[in-house]
2 protein chains.
Amino acid sequence: MTDPTPGLNSEQLGAYFALTEVSSLLQYAVDEHLRSAGDLSYVQFQILARLVHVPGGKLRMTDLADGVVYSRSGLTYQAGLLDKRGLITRSPSPDDERSVIVTVTDAGRDLIARVLPEHAERVRQLLFEPMNGQDLAALSAILGRVREHMRATPPRSAKPRAARGRGN
Amino acid sequence: MTDPTPGLNSEQLGAYFALTEVSSLLQYAVDEHLRSAGDLSYVQFQILARLVHVPGGKLRMTDLADGVVYSRSGLTYQAGLLDKRGLITRSPSPDDERSVIVTVTDAGRDLIARVLPEHAERVRQLLFEPMNGQDLAALSAILGRVREHMRATPPRSAKPRAARGRGN
DNA sequence: CCTGGTTGCTTCGAGCTCGAAGCACGTAGG
DNA sequence: CCTACGTGCTTCGAGCTCGAAGCAACCAGG
């Protein structure tokens with residue numbers, strides 16, 4: 001116990017814990033709202049939001065998984081639930097019979113439109129309230145750089161499969 | 001679709017997504033390492049690390065739950081696993097028969113001592129590599145403020161129970 | 001001393017997550 | 001054309017998570 005945390009000084013350690021806690025608390029708060037407002041889990045919201053955000057409202061499963069961090073099997077499960085509720089449809093791609101094209105339905109769009117304002121408001125209140133413009137700029141810059149760095153850094157003991165950047 | 005995200009401008013939205021993704025990727029990487037190095041989940045690691053960090057190596061379940069974000073039932077479950085593996089012991093508090101005092105065993109200390117260096121190194125590499133001293137200071141300040149703010153902001157539709165800041 | 005409310009933890013059921021294995025389609029090399 | 005391998009998704013089993021409900025101990029007030 002001479003060196004409390006080799007490799008990280010105490011400021012880094014504090015930032016690491018703060019990051020963990022902040023994102024946890026944020027997710028909890030947001031998840032709770034989505035569930036009560038639209039009976040959606042955070043994952044489901046992410047899927048729908050992403051689809052709504054994209055030009056044709058369509059995306060292949062794989063592309064969807066690249067944006068959301070969840071596993072493929074988890075995505076299949078959640079897509080099944082959304083399909084059952086009529087918020088998305090799934091159909092085989094004409095180009096590639098293996099691929100499944102996911103499309104938001106109007107009901108899906110409506111639901112997102114309905115919950116998004118409050119969702120955004122919550123995030124603003126929890127995350128951005130205690131920040132000024134300078135903070136936001138700094139945070140954006142740092143996180144952006146870290147994100148790039150993480151994407152570029154391959155997992156330690158990774159399977160060479162799946163090159164992260166667009167399958168084909 | 002005139003206003004893409006009411007309540008959040010695009011810079012805020014970007015920061016929000018970046019935060020989500022960064023902490024997700026970080027947790028994945030760290031979790032994977034802990035599992036392969038010490039057969040520990042991230043939660044288990046957090047529990048042990050917290051105990052090791054604390055003077056007597058003892059903590060009540062509640063105090064433990066205040067630091068780790070997981071639910072009480074989840075904590076009970078994980079504590080059960082750690083107990084079975086001999087990494088912690090659980091005993092009723094002499095002061096309050098309801099409370100359970102969790103104590104790290106030597107085996108638990110050894111395990112943490114064994115995995116901590118690599119854990120820290122990973123975090124450093126992924127999170128702090130692309131930051132300079134100024135970034136770190138800024139990030140710490142911002143996250144610290146946000147964390148306080150979140151702790152102080154009660155969940156929207158919350159039960160008044162559990163005052164968040166140290167039970168008694 | 002009861003009696004009602006609070007607190008600390010555990011048990012329980014339902015649901016979600018993941019990786020491994022499986023299946024079907026696509027593609028390259030002979 | 002046929003074979004072998006790569007890719008996209010789903011199924012499956014095991015394990016983890018959560019909140020609700022349950023139980024025991026503490027803490028008033030009368």
Check: Would you find a donor on one side and an acceptor on the other, under 3.5 Å apart, between the side chain of A/Gln78 and the backbone of A/Leu75?
Finding: no
Item checked: Interatomic distance where CG belongs to A/Leu81 and P belongs to D/dT10 [whole Å] -> 12 Å
Check: In whole angstroms, how far is the P atom of C/dT17 from the CD atom of A/Gln27?
Finding: 12 Å
Next item on the list: Grab the CD-P distance between A/Gln78 and D/dT10 for me, whole Å please.
Entry: 13 Å
Margin query: Without decimals, in angstroms, what is the distance between A/Tyr42 OH and D/dT17 C1'?
Written below: 18 Å
Checklist line | Heavy-atom protein contacts under 4.0 Å, nucleotides 22-27 of chain C, coded B base, S sugar-phosphate only, - none | finding: ---BS-
Check: Would you call B/Asp31 and B/Arg35 a salt bridge, using N to O less than 4.0 angstrom?
Finding: yes
Next item on the list: Measure from CZ on B/Arg35 to P on C/dT17 and round the result to the nearest Å.
Entry: 16 Å
Margin query: Under 4.0 Å, counting only non-hydrogen atoms across every strand here, what does A/Arg90 touch: a base, just sugar-phosphate, or nothing?
Written below: sugar-phosphate
Note to self: Rounded to whole Å, how long is the line connecting atom CG of A/Leu75 with atom P of D/dT11?
What the structure shows: 13 Å
Note to self: Rounded to whole Å, please give me the gap between CZ in B/Arg85 and P in D/dG15.
What the structure shows: 14 Å
Notebook entry, point to check: Do the charged groups of A/Glu121 and A/Arg124 touch, with an N to O distance under 4.0 Å?
Noted result: yes
Check: Is there a donor-acceptor pair closer than 3.5 Å between any side-chain N or O of A/Ser99 and the backbone N or O of A/Asp95?
Finding: no
Checklist line | Distance test, side-chain N/O of B/Tyr28 to OP1/OP2 of C/dC18, below 4.0 Å | finding: yes
Check: With no hydrogens and no angle check, do the side chains of A/Glu129 and B/His149 hold a donor and an acceptor under 3.5 Å apart?
Finding: no
Check: Nearest of C/dG8, C/dT10, D/dG19 to any side-chain atom of B/Ser99?
Finding: C/dG8
Check: If only side-chain N and O atoms of B/Arg60 are considered, is one of them under 4.0 Å from the OP1 or OP2 phosphate oxygen of C/dG8?
Finding: yes
Next item on the list: Would you mind telling me which of C/dG19, C/dC9, D/dT17 lies closest to the side-chain atoms of A/Ser71?
Entry: C/dG19
Notebook entry, point to check: Can you check the A/Ile47 CD1 to C/dT17 P distance for me, whole Å?
Noted result: 9 Å
Note to self: For the CG atom of B/Leu127 and the OG1 atom of A/Thr20, what is their distance to the nearest 0.5 Å?
What the structure shows: 8.5 Å
Check: If you check the A/Ser73 side chain, which of C/dC18, D/dC18, D/dT10 turns out closest?
Finding: C/dC18
Next item on the list: Would you please confirm or rule out a distance under 4.0 Å between OP1 or OP2 of C/dC16 and any side-chain N or O of A/Gln44?
Entry: no
Next item on the list: Using modelled atom types only, decide if a donor and an acceptor are shared between the side chain of A/Arg109 and the backbone of A/Val104 within a distance under 3.5 Å.
Entry: no
